[in-house]
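First comes the structure, then the notes that go with it.
Naming: A, B, ... by sequence-line order, numbering from 1 per chain.
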There are 2 protein chains.
Amino acid sequence: MHEKPTHVVLAVVLQVRDGRLQVLLWQRAQAPFVGAFALPGGYLLSGETLEDSIRRHLAEKVDVCELSHLEQLVTTGDPVRHPSERQVATAYLGLVPSDLDPELPDDTDWHPIDELPETAFDHGAIILAGRERLRAKLSYANIGFALAPHSFSISQLRDLYAAALGHEVSATNLQRVLLRRELLKATGERRASGPSGGRPAALFRFRSRTLEITDQFAVLRPPS
Amino acid sequence: MHEKPTHVVLAVVLQVRDGRLQVLLWQRAQAPFVGAFALPGGYLLSGETLEDSIRRHLAEKVDVCELSHLEQLVTTGDPVRHPSERQVATAYLGLVPSDLDPELPDDTDWHPIDELPETAFDHGAIILAGRERLRAKLSYANIGFALAPHSFSISQLRDLYAAALGHEVSATNLQRVLLRRELLKATGERRASGPSGGRPAALFRFRSRTLEITDQFAVLRPPS
DNA sequence: CAGGTTTTCAACTAACAGGCGATAACTTAG
DNA sequence: CTAAGTTATCGCCTGTTAGTTGAAAACCTG
């Protein structure tokens with residue numbers, strides 16, 4: 001006969017802060033994994049869908065309205081992932097625009113994703129899966145909108161991409177390619193120039209702020 | 001207090017048969033959904049991972065060695081997806097090369113994905129999600145290897161892509177693009193020409209038969 | 001061997017990526 | 001007010017890639 005595992009939902013919430021990609025973690029105070037850092041989440045309740053559940057749990061940590069994107073990431077059910085009970089976990093990937101600074105509870109904070117502290121359960125692997133998903137989608141979808149403020153200059157956007165991808169990005173090419181693909185739209189406004197001077201940057205926004213696949217293998221497109 | 005849902009694993013097994021993309025379904029003989037068609041799968045047992053579990057269940061339907069690819073697709077936990085019990089389901093996407101013809105149990109058979117019979121639970125939506133995942137990955141990954149025989153002619157491959165994508169594909173471009181990306185390799189052999197004559201086709205194979213992301217947004221590649 | 005069928009390739013056009021340098025538009029210091 | 005510094009933007013050039021077309025190659029059958 002089959003067993004009934006407990007089911008938990010988790011979220012890898014990512015934001016570019018201070019020029020680095022960071023993930024939201026809270027520090028455990030109870031066994032197992034006392035002192036280790038864990039992803040926000042919790043038990044699935046009766047009557048709620050998986051997405052409802054992760055939104056409810058996240059609401060205890062951050063304002064859910066600040067999430068610009070939320071998608072299912074991976075489900076892990078390895079019998080040894082939890083030391084005492086059989087547990088299946090469904091992880092989501094959440095993204096927060098870089099201009100927001102949510103209020104956080106005392107036990108919760110942002111951590112640069114390339115300097116993770118000790119993590120609980122299999123959360124370390126889940127975080128890395130989230131980063132890989134984000135990097136891949138930056139390449140073939142318009143998911144940049146979820147990292148960026150509503151309106152931004154090209155160099156701001158270049159810095160966001162560089163932080164998420166982990167390497168330098170050319171602003172010239174980024175602008176040309178995103179404009180040609182019609183993902184970006186000039187707002188007509190200009191940003192006030194910074195303290196160190198320089199030409200004021202034109203401001204852009206993403207034409208759509210919902211996920212769209214943009215980079216399709218031309219050979220495989222339907223004939224026009 | 002949280003409940004403990006039962007957990008089932010499912011598989012959307014796809015194959016191009018007779019020039020059409022088809023999915024493996026079995027016909028239910030018991031309530032609920034008597035007579036409706038369902039995805040293969042079953043309960044998660046203690047001590048097994050999700051992937052172990054779906055492989056075990058699939059083994060009752062097809063020879064698991066014939067699966068060229070298996071990846072996690074989606075987890076659904078909508079409280080109304082099952083009429084009597086609270087159930088969370090993790091679906092996998094499995095692919096079978098088009099030259100295999102697995103032995104099937106009596107209640108199990110292939111169904112063209114664009115002429116689905118009445119399906120049980122939320123399996124219809126899961127099947128469509130599987131098709132979308134396949135179509136997307138044909139565009140940015142080398143997943144064609146999982147649909148194709150070990151060795152094949154370009155026009156065979158074109159027909160496979162056309163069936164999976166649902167529209168015509170140019171053989172000339174397909175060959176050039178896949179060769180330039182070094183996904184394909186000529187074997188040097190040639191196929192015997194068919195009954196209606198014609199030039200014998202050169203045979204190719206995929207250089208790698210494990211999943212690789214191939215179509216990366218050039219701006220976002222690490223600088224060389 | 002003529003005519004039909006299928007595959008393959010060469011050539012051409014158009015679009016795209018990437019790099020570089022010039023110019024524009026602001027700042028602050030003197 | 002002007003010069004020097006800073007940042008953003010644009011135009012041009014080069015090499016690469018996608019897509020189309022048409023011709024040639026390599027087989028079959030009658």
Side-chain angles (χ1 to χ4, degrees), chain A residues 19 138-140 144 148-149 151-162 165 167-205 214-224, chain B residues 19 138-140 142 144 148 151-162 165 167-205 214-224:
Chain A
L138 281 174
S139 179
Y140 62 81
S151 124
F152 46 84
S153 72
I154 294 296
S155 37
Q156 270 181 293
L157 190 65
R158 186 236 301 141
D159 292 343
L160 289 178
Y161 272 73
L165 292 168
H167 59 75
E168 292 301 301
V169 171
S170 148
T172 305
N173 283 332
L174 188 66
Q175 173 174 22
R176 217 168 5 143
V177 170
L178 292 183
L179 279 177
R180 183 163 36 210
R181 296 189 178 180
E182 296 187 325
L183 298 189
L184 291 189
K185 192 172 67 173
T187 66
E189 301 166 72
R190 337 186 113 245
R191 191 188 55 185
S193 54
S196 52
R199 174 172 172 169
L203 294 182
F204 295 82
R205 58 183 51 142
T214 59
D215 194 26
Q216 221 174 359
F217 205 174
V219 177
L220 304 181
R221 269 195 297 258
S224 51
Chain B
L138 281 173
S139 178
Y140 62 80
N142 67 340
S151 121
F152 47 83
S153 72
I154 294 296
S155 37
Q156 269 182 291
L157 190 64
R158 187 235 303 141
D159 293 343
L160 289 177
Y161 272 73
L165 292 168
H167 60 75
E168 292 300 302
V169 171
S170 149
T172 305
N173 282 334
L174 189 66
Q175 173 173 23
R176 214 171 13 136
V177 170
L178 293 184
L179 276 178
R180 183 163 32 213
R181 295 186 179 184
E182 296 188 326
L183 298 189
L184 292 189
K185 191 171 69 174
T187 66
E189 300 167 72
R190 336 187 113 245
R191 193 188 54 185
S193 56
S196 52
R199 174 171 171 168
L203 295 182
F204 295 82
R205 57 183 53 143
T214 60
D215 195 24
Q216 224 174 353
F217 205 172
V219 178
L220 305 180
R221 270 195 295 260
S224 51

Nearest-angstrom distance from the residue atom CG of Leu178(A) to P of dT9(D):
14 Å
Whole-Å distance separating the CZ atom of Arg180(B) from the P atom of dG19(D):
10 Å
In whole angstrom, what separates Leu183(A)'s CG from dC16(C)'s P?
13 Å
On the nucleotide dC9(C), are OP1 or OP2 found under 4.0 Å from the side-chain N or O atoms that Gln175(B) carries?
yes
Do Leu178(A) and Leu157(A) come close enough that some side-chain heavy atom pair is under 4.5 Å?
yes
Sequence neighbours excluded, which residues qualify as side-chain hydrogen bond (donor to acceptor under 3.5 Å, both in side chains) partners of Arg176(B)?
Asn173(B)
From CZ of Arg158(B) over to P of dT6(C), roughly how many Å is that when rounded to an integer?
10 Å
Could you tell me whether the side chain of Phe152(A) reaches within less than 4.5 Å of the side chain of Leu203(A), counting heavy atoms only?
no
dT6(C) P sits how many Å from Asp159(B) CG, rounded?
12 Å
Nearest to the Asn173(A) side chain among dT20(D), dG18(C), dC10(D), which nucleotide is it?
dG18(C)
Check whether any side-chain N or O of Arg176(B) sits under 4.0 Å from OP1 or OP2 of dC9(C), and answer yes or no.
no
So Leu184(A) and Ile154(A), do their side chains get closer than 4.5 Å, heavy atoms only?
yes
Are there any protein N/O atoms within less than 3.5 Å of an N/O atom in nucleotides 3-7 of chain D, and if so, which ones and at what distance?
unit_1	atom_1	unit_2	atom_2	d
dT6(D)	O2	Gly198(A)	N	3.4
dT7(D)	O2	Arg199(A)	N	3.1

Could you go step by step and tell me if Leu160(B) and Gln156(B) meet the side chain to side chain contact (heavy atoms under 4.5 Å, CB included) rule?
CA-CA 6 Å; Leu160(B) 289 177; Gln156(B) 269 182 291; 5.7 Å; no
Who passes ring-ring contact (aromatic ring centres under 6.0 Å, His included) against Phe204(B), sequence neighbours left out?
none
Nearest whole Å is fine: how far is dT17(D) C1' from Leu174(B) CG?
15 Å
Among dT9(D), dA18(D), dT8(C), the one nearest any side-chain atom of Val177(B) is dA18(D)
Starting at atom CD of Glu182(B), determine the distance to atom P of dT17(D), rounded to an integer number of angstrom.
10 Å
Interatomic distance where CG belongs to Leu203(B) and P belongs to dT8(C) [whole Å]:
9 Å
What does Ala171(A) touch in the nucleic acid at a heavy-atom separation under 4.0 angstrom: a base, only the sugar-phosphate, or nothing?
nothing
Using the side-chain hydrogen bond (donor to acceptor under 3.5 Å, both in side chains) criterion, which residues pair with Ser155(B)? Sequence neighbours excluded.
Ser153(B)
